[in-house]
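Single-structure report; data block below.
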Amino acid sequence: MNFNAIYQLAKRIPRGRVITYGQIAKSVRLPGGARAAGRAMANCPVGQAIPWHRVVGAGGRLLLSEPNVSLQRKLLEAEGVPVAERRILDFAVRQWRPVRRRA
DNA sequence: CATCTGACGACCG
DNA sequence: GCGGTCGCCAGAT
C-alpha cells in the first residue's frame, strides 16, 4: 500500500494540534477507512520527522498501548495539549482540519 | 482455507 | 461511561 499521502498529511499537522485516524482516511480518501490509517501509522517510518503523536482516535482518545501511549501523552503535553489518562481534554478545540478543496 | 489480531469508528442497550 | 456488534482490511499463524 502507498501510505505516503498519509505521512505527507501527518507532516502538515501544526504543533499543538491533533487529527484523528478517521479524518486522515477521509482526507486522502483512503480505501479501508480509519483502520487503514491506523495501519499506516503503525508502520510509520522513523527518520522522516512524522509527528505520529498528533494522530489520535475518534473523540480525541489515545488508542496506543503501553509504553507508547505514555510517550504520546508526554509529547502532546509537551506541546501544550492537555491530556487526561487516555484522552485529550479540549479535543474539539485542539482538533486540526486539513484544508480540503471542495467537499 | 479458518482464525486471530490489530495505533478504527459508528451504533446500540 | 462501558461493553458488545458490525463493517472494514492486511498479515500472520
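This one's a predicted model, so the numbers in the text were calculated from it and none came from an experiment. Chain identifiers are assigned alphabetically (A, B, ...) following the order of the sequence lines, protein sequences preceding nucleic acid strands; residue numbering begins at 1 within each chain.
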Self-check item: Value in whole Å for how far the P atom of dC8(B) lies from CZ of R39(A)
Solution: 10 Å
Practice problem: Determine the Euclidean distance between corresponding P atoms of dA7(B) and dG7(C); express it in Å to zero decimal places. | Solution: 22 Å
Quiz item: Is R54(A) paired with E79(A) through a side-chain N to carboxylate O contact shorter than 4.0 Å?
Solution: yes
Quiz item: Do you know which of V83(A), V81(A), L64(A) makes side-chain contact (heavy atoms from CB on, under 4.5 Å) with R73(A)?
Solution: V83(A)
Quiz item: Using atom C1' of each nucleotide, how far apart are dC8(C) and dT5(B) to the nearest Å?
Solution: 14 Å
Practice problem: Figure out the CZ/P separation between R61(A) and dG6(B), and round it to whole Å. | Solution: 19 Å
Could you run down the sub-3.5 Å N/O contacts of the protein with nucleotides 9-13 of chain B?
{"unit_1": "dG9(B)", "atom_1": "OP1", "unit_2": "Y21(A)", "atom_2": "N", "d": "3.4"}
{"unit_1": "dG9(B)", "atom_1": "OP1", "unit_2": "G22(A)", "atom_2": "N", "d": "2.8"}
{"unit_1": "dG9(B)", "atom_1": "OP2", "unit_2": "A58(A)", "atom_2": "N", "d": "2.6"}

Practice problem: Return the minimal non-hydrogen interatomic distance between T20(A) and V55(A), and the atom names on each side. | Solution: C-CG1, 4.5 Å
Exercise. Any chance you could measure I24(A), atom CD1, to I13(A), atom CD1, to the nearest 0.5 Å?
Key: 5.5 Å
Quiz prompt | Terminal contacting nucleotides, 5' and 3', DNA chain C versus chain A (heavy atom, 4.0 Å) | solution = dG1(C) to dA10(C)
Self-check item: Least distance between heavy atoms, L30(A) atom then A37(A) atom
Solution: CD2-N, 3.4 Å
Exercise. Taking all non-hydrogen atoms of both residues into account, name the closest pair between V56(A) and F91(A) and its distance.
Key: CG2-CE1, 4.1 Å
Exercise. Would you kindly give the CG-to-P distance between L30(A) and dA7(B), to the nearest whole Å?
Key: 16 Å
Quiz item: Hey, does the side chain of R17(A) reach the backbone of Q95(A) with a donor-acceptor pair shorter than 3.5 angstrom?
Solution: yes
Quiz item: dC8(B) P sits how many Å from I6(A) CD1, rounded?
Solution: 13 Å
Quiz item: Checking all strands, does R87(A) fall into the base, sugar-phosphate, or nothing category for heavy-atom contacts under 4.0 angstrom?
Solution: sugar-phosphate
Quiz item: CZ/R12(A) to CH2/W96(A) distance, rounded to the nearest 0.5 angstrom?
Solution: 4.5 Å
